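Encoded as structure tokens, the structure appears first; notes follow it.
Proteins come first, then strands; the chains are lettered A, B, ... in the order of their sequence lines, and each starts at number 1. Computed from a predicted structure; not experimentally measured.
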2 protein chains.
Amino acid sequence: MVRGGVPSAGEYRCAMAQTQRANSGDALAPTRRDPDRPDLAAMVVPLGRALMAAELPVLRAHDLTMWAYTVLLALGDEPVRSQATLAESIGADKTRVIAVLDDLEQRGLIRRRPDPADRRARLLSLTEQGHRVRAAVRSGIRVREERLLARLPDADRLGFLNALRTLSALPPETIAD
Amino acid sequence: MVRGGVPSAGEYRCAMAQTQRANSGDALAPTRRDPDRPDLAAMVVPLGRALMAAELPVLRAHDLTMWAYTVLLALGDEPVRSQATLAESIGADKTRVIAVLDDLEQRGLIRRRPDPADRRARLLSLTEQGHRVRAAVRSGIRVREERLLARLPDADRLGFLNALRTLSALPPETIAD
DNA sequence: TATTGTTATACTCTATAACTATA
DNA sequence: TATAGTTATAGAGTATAACAATA
């Protein structure tokens, strides 16, 4: 764990870790391919956990929790107009981001000032140093990811990233039906 | 939630849900492709959560928790010689599988009998009905997954599944370095 | 009255430790 | 003494409810 712990997921984890294993991959027609493959979730979820575990050393080196990094990512592209907006955009409870923001603000990585137009809300933005840390962590993570992706044949790598972007861009309700 | 709740993940969840978004995908060279893509974990983890959410209705229809289904999956291929072995194989604590096994046994989905050779251990196996339930749930899940995968171009779909099997077959330590 | 941010409380899930029964 | 299974306890992490400030 990094600082103050890392987010966790009441409902959303499955332990299908090493349950279902890949079996030899022969190229069949895409439509009726590999009917005995493991469940998608049984592959995707453990992979996600492993990827997060791979990020932890980088985060730790910068003394960031997963939540803190998530906030830096969310604020990096453009400032956010309220903490509630931020919380929703990163899929967190509004009460949970408070401690994270307190910490980041105290360390000078973000700015949090009342919105002059509506003094109830807080305008959230990254400081100069926040941008630097964000970029450093992100590139550190990217290096490890590229090393991992290098294990894949070019075609699989391309399809993997394409599919990931397609699927992760879908609203969760679409996936869940 | 299904029955008695679903496993959760102290350390392993990140809320990068809608944080980083896919940007338009143009085909570059595989090696230096899309340097501004979101972190892998930021795409894989939310996708995994969505996939699990998609499984929940199927599990609920059979009154199974995610853990229970995980156990059914693990016992389906071949019986297991002890609860500790099972727990480790599905990445769970040995104290946590007990309630799950109690429930599954009581409902006649698994058998749990002392090993004659070492009466400390319990031999775990699926009953006839356990096999049926396992198959029914699995095929219900598969239907939904195929519907989702149909959104992908054949090439991406193929690469995605290939990559998933390759990466999820790696020991987590390999991914985490 | 409704909303933003905050705090405090309760709840869920998980891991740790202690116990039993076998070996 | 060590291990498999079990139970009970304590610890994280999270969400719910209640509050103050502003609109």
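- By the side chain to side chain donor-acceptor pair (under 3.5 Å) test, R151(B) pairs with no residue at all, sequence neighbours left out.
- Side-chain contact check for L148(B) versus T174(A): every heavy-atom pair is 4.5 Å or farther apart.
- Residues forming a side chain to side chain donor-acceptor pair (under 3.5 Å) with T95(A) (at least two apart in sequence, or on another chain): D93(A).
- Taking atom CD1 of I110(B) as the reference point, atom C1' of dG5(D) lies 14 Å away to the nearest angstrom.
- For the pair R119(A) CZ and dA20(D) P, the computed distance is 19 Å after rounding to whole Å.
- Annotation: side-chain contact (heavy atoms from CB on, under 4.5 Å) contacts of S125(A) (sequence neighbours excluded): P79(A), R111(A).
- Protein atom CG of D93(A) is 16 Å distant from nucleotide atom P of dT12(C), rounded to whole Å.
- When the C1' atom of dA15(D) is taken as reference, atom CH2 of W67(A) falls 12 Å away, rounded to whole Å.
- dT3(D) atom P lies 14 Å from atom CD of E88(B), rounded to whole Å.
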In B/S/- notation (B base, S sugar-phosphate only, - none; protein heavy atoms under 4.0 Å), nucleotides 4-11 of chain C written 5' to 3' is SBBB----

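- Considering only residues two or more places apart in sequence or on other chains, D118(A) meets the salt bridge (charged side-chain N to carboxylate O under 4.0 Å, His left out) condition with R120(A).
- Scanning for salt bridge (charged side-chain N to carboxylate O under 4.0 Å, His left out) contacts around R112(B) gives D102(B), E105(B), with sequence neighbours left out.
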